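Everything on this sheet refers to the single structure shown next.
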Amino acid sequence: MNHQRRLVLVLGDQLSLNLSSLAGVAPKDCTVLMAEVRAEVAYAPHHAKKLALIFSAMRHHAERLRTAGYRVDYVALDDAANTQSLPGELERAFGRLGPFEEVVVTHPGEWRVQEALDALRTSGTLPLRWEEDDCFLASREDFARWAKGRKQLRMEYFYRELRRKTGLLMEGDQPVGGQWNFDADNRQGWPKKAADRPTVPAPYAVTPDATTEAVLTLIERACPDAFGVLRPFSYAVTAEDAERVLTHFIETRLANFGTYQDAMAEGDPWLFHSHIALYLNIGLLDPLACCKAAETAYHAGQAPLNAVEGFIRQILGWREFVRGIYWHFMPGYEAVNALEATRPLPAFYWSGETKMACLAEAVHSTRTHGYAHHIQRLMVTGNFALLAGLNPQEVADWYLGVYVDAFEWVELPNVVGMALFADGGQLASKPYAASGKYIDRMSNYCKGCTYTPKETLGPAACPFNALYWDFLERHPERLGKNPRLGMIYRSLEKMAPEKRAATRAKAAELLDTLELL
Ligand code: FAD
Ligand code: DLZ
Ligand code: SF4
């Protein structure tokens, strides 16, 4: 058999030895192409750490593939002949490394990349064949089958299907503990008094090796304007180190994961979160293995059920569900704007220069680490964008660039569906809108803020408060009949007319001066 029977393009988020495009052929019969290209750097305003993570993990994975017996052709960003696009590099490799009988690619995570590569197939330029991405627990077809005929697509029901399918936290056909969901136990805020706070372990840090150092230097030279802080860089870039991050989480954080899942703490974005999304999303960790590790910790008495179920639900439930939603509604989902929000993204999303302590904190962590935890993304930056009516496409572009774990299949449903309700309720049953009171309850941010969550009017009033009521006022047709918002609309109706008018006037003033907040 010809050494070069199959050409496989391995993308920067497909860094697994179990990739479907590598299956069914001996390594010696397979040439793997990996390419660092400008087009992938430039499609979003990428954080410098995200670029470093992807390139260093790609370079380490290329070595791992070579060790496993594959011939790997690796095109670096600064290679002179690099065409700087994935289709360009695939076509060039086919001509220069062949002959090949076939080109095989595992389905990319993003519609954009799939379209660009599929054009090579439909035009007859390359004998390209797609393989299903089986690094997920449910295939796109599984989701389509589940979604067919349903009036509403809700995560909870999809999650239960996957619990049954995988047997995770199941006793026969019943959920362990007699309940599917322990979310009600997972809503504790960050204690206001330091003495009441649990000790948070330091996040697992990896010292960069020579390969990572070379990538950091490349990013500094080739992408000097990339958003965010590049050094120090301490993320894992190999499957072995990602595994260590997971183990560290299970041993030191999982037990408190549930209780403090929604809490926000000044100066600490890591809290009891796992910090593994970036590794799951590029193939360094396997989702089922992560869930099983947590389940084992539960059975060994190392973590309570609310923590373990909560963690498993994020991966088995939310992660799989949002991926299903993405492919179900693409193309088109990238352009939704059900609430007709048009305001541009304020500059403080990039600079962090705002008097709103919660926002400054979330952006600071985002700039420094390319990370903010879920509630910061949803209830601070996302909630503000929702209440202020920021344009969903601008907001989505920001999220896609600034987080090290961001890929469109997971970012877009979370932004336009969960945070902004721009899909009109295809993903969530109601908008996650909240006033400053919620942020105050869950965090210790407000104490150090210029504004106070206790006021709605006046110069010191928390901007979230008037914007919250005004958001409801602006969308009576879309939201007024939503049964989950009935109580809050009734409170609005009961508000004294003068207060209601003053709140609207305050919101108008805030919206006119967003950049100054
Ligand atoms: P943990 O809190 O420890 O959760 C464990 C794991 O569960 C995560 O690693 C992740 O794989 C999964 N998970 C949790 N929540 C979600 C969710 N809502 N959707 C999908 N998976 C989830 N996640 C991304 O992976 N990439 C994104 O680009 C992304 N963008 C987001 C944008 C917004 C507006 C919001 C509200 C959420 C977004 N999320 C995204 C989901 C979630 O915030 C991150 O997965 C999480 O913060 C990553 O940190 P962690 O690994 O410490 O997660
Ligand atoms: C995110 C990213 C970046 C920044 N660069 C590359 C790259 O140079 N080469 C590559 O193969 N992949 C890269 N990626 C990941 C791709 O954008 C990812 O494969 C698509 O988002 C599809 O999910
Ligand atoms: Fe954020 Fe308002 Fe609290 Fe300030 S007072 S930290 S703006 S919620």
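Everything numeric here is computed off the predicted structure, so don't read it as measured data. Each ligand, and each atom within it, is numbered from 1 in the order the structure gives.
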Counting from 1 in the order shown, the ligand 1 atoms closer than 4.0 Å to a non-hydrogen atom of E411 are 28 (O), 30 (N)
Between R59 and E36, does any NZ, NE, NH1 or NH2 come within less than 4.0 Å of an OD or OE carboxylate oxygen? yes
**Request:** Decide whether an N or O pair under 3.5 Å exists between L86 and ligand 2.
**Result:** no
| Would you say ligand 1 has an N or O under 3.5 Å from any N or O of M418? | no
Within the 4.0 Å heavy-atom cut-off, what L11 brings close to ligand 2 is both
Numbered in order shown, the ligand 1 atoms found under 4.0 Å of a heavy atom of L280 are 11 (O)
Query raised in the report: Between R313 and D183, is there a salt bridge with N-O shorter than 4.0 Å?
Result: yes
Note: W409, heavy atoms under 4.0 Å from ligand 2, region reported as neither
With R112 as the cation and Y43 as the aromatic partner, state whether NZ or CZ is under 6.0 Å from the six-membered ring centre and within 45° of the axis.
-> yes
- Within less than 2.8 Å of atom 1 (Fe) of ligand 3, any N, O or S from C446? no
*Quick one: does Y403 get within less than 4.0 Å of ligand 1, heavy atoms only?*
no
Between the CE atom in M58 and the CG atom in L65, the distance rounded to the nearest 0.5 Å is 11.0 Å
Practice item. Say whether N281 and W409, considering side chains only, have a donor N or O and an acceptor N or O under 3.5 Å apart. Key: no
N or O pair under 3.5 Å between E40 and ligand 2:
yes
With a cut-off of 2.8 Å, does C449 put an N/O/S atom close enough to atom 3 (Fe) of ligand 3?
no
_Check this for me - ligand 2, G12, N or O atoms closer than 3.5 angstrom, yes or no?_
yes
Q. Between P108 and ligand 2, does any nitrogen or oxygen pair lie at a separation below 3.5 Å?
A. no
### Message
Measuring from non-hydrogen atoms of Y371 to any atom of ligand 1, is the shortest distance under 4.0 Å?
### Response
yes
Within the 4.0 Å heavy-atom cut-off, what N281 brings close to ligand 1 is side chain
Exercise. Judging by distance only, is a nitrogen or oxygen of H373 under 3.5 angstrom from one on ligand 1?
Worked result: no
Report yes if I276 has an N/O atom closer than 3.5 Å to an N/O atom of ligand 1; otherwise report no. yes
Quiz item: Taking N or O atoms only and a 3.5 Å limit, does S274 qualify as a polar contact for ligand 1?
Solution: yes
Ranking R377, H273, Q376 by closest non-hydrogen atom to atom 2 (O) of ligand 1, top hit is H273
